Asks: 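Below: one structure in structure tokens.
Predicted model only: the values in this text are computed from it and were never measured. Values below: every heavy atom of this structure, side chains too, minus hydrogens, waters and symmetry copies.
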Amino acid sequence: NKIQETTGQQDRLERIKKDLEGKNHFEVLGIGKASKASDAKRSYFEFAKAFHPDKLPPNATPEVRQLTTEIFNKMSA
């Protein structure tokens, strides 16, 4: 049902946000400091496709929108 799906999505986003706290840019993107620029670019675009706030469905809750925006901002910093 939709309530469980939304709750599950929100829980998942909260875990991801918590996991990103305190990580540097390389760790957020899942690459090493010695990685090539092309690796960083590829990782960024994969992350952006998954977490861009514009990708959310119109019926997404405000909490899910906020979490997605915070994760995207952290990744984009």
Asks: Please name the residue in the list Arg12, Lys18, Gln10 that meets the side chain to side chain donor-acceptor pair (under 3.5 Å) test with Glu14.
Replies: Gln10
Asks: For Asn73, what residues pass the side-chain hydrogen bond (donor to acceptor under 3.5 Å, both in side chains) criterion, not counting sequence neighbours?
Replies: none
Asks: Listed by chain and number, what are the side-chain hydrogen bond (donor to acceptor under 3.5 Å, both in side chains) partners of Lys17, not counting sequence neighbours?
Replies: Glu70
Asks: Got a donor-acceptor contact below 3.5 angstrom from the Ser35 side chain to the Gly32 backbone?
Replies: yes
Asks: Rounded at 0.5 Å granularity, tell me how far CZ in Phe47 sits from CD1 in Ile16.
Replies: 7.0 Å
Asks: For Glu27, check side-chain hydrogen bond (donor to acceptor under 3.5 Å, both in side chains) against everything at least two apart and list the hits.
Replies: none
Asks: Quick one: ring pair (Phe, Tyr, Trp, His ring centres under 6.0 Å) partners of His25, sequence neighbours excluded?
Replies: none
Asks: So, the side chain of Thr68 versus the backbone of Val64: is there a donor-acceptor pair under 3.5 Å, distance only?
Replies: yes
Asks: On a heavy-atom basis, which atom in Gln9 and which in Leu56 lie closest, and how many Å separate them?
Replies: NE2-CD2, 4.1 Å
Asks: Which residues pass the side-chain contact (heavy atoms from CB on, under 4.5 Å) test with Phe26, not counting sequence neighbours?
Replies: Asn24, Ile31, Lys33
Asks: Which pair of heavy atoms, one from Leu29 and one from Met75, lies closest together, and at what distance?
Replies: CD2-CG, 4.0 Å
Asks: Can you list everything that forms a side-chain hydrogen bond (donor to acceptor under 3.5 Å, both in side chains) with Glu46? Sequence neighbours excluded, please.
Replies: none
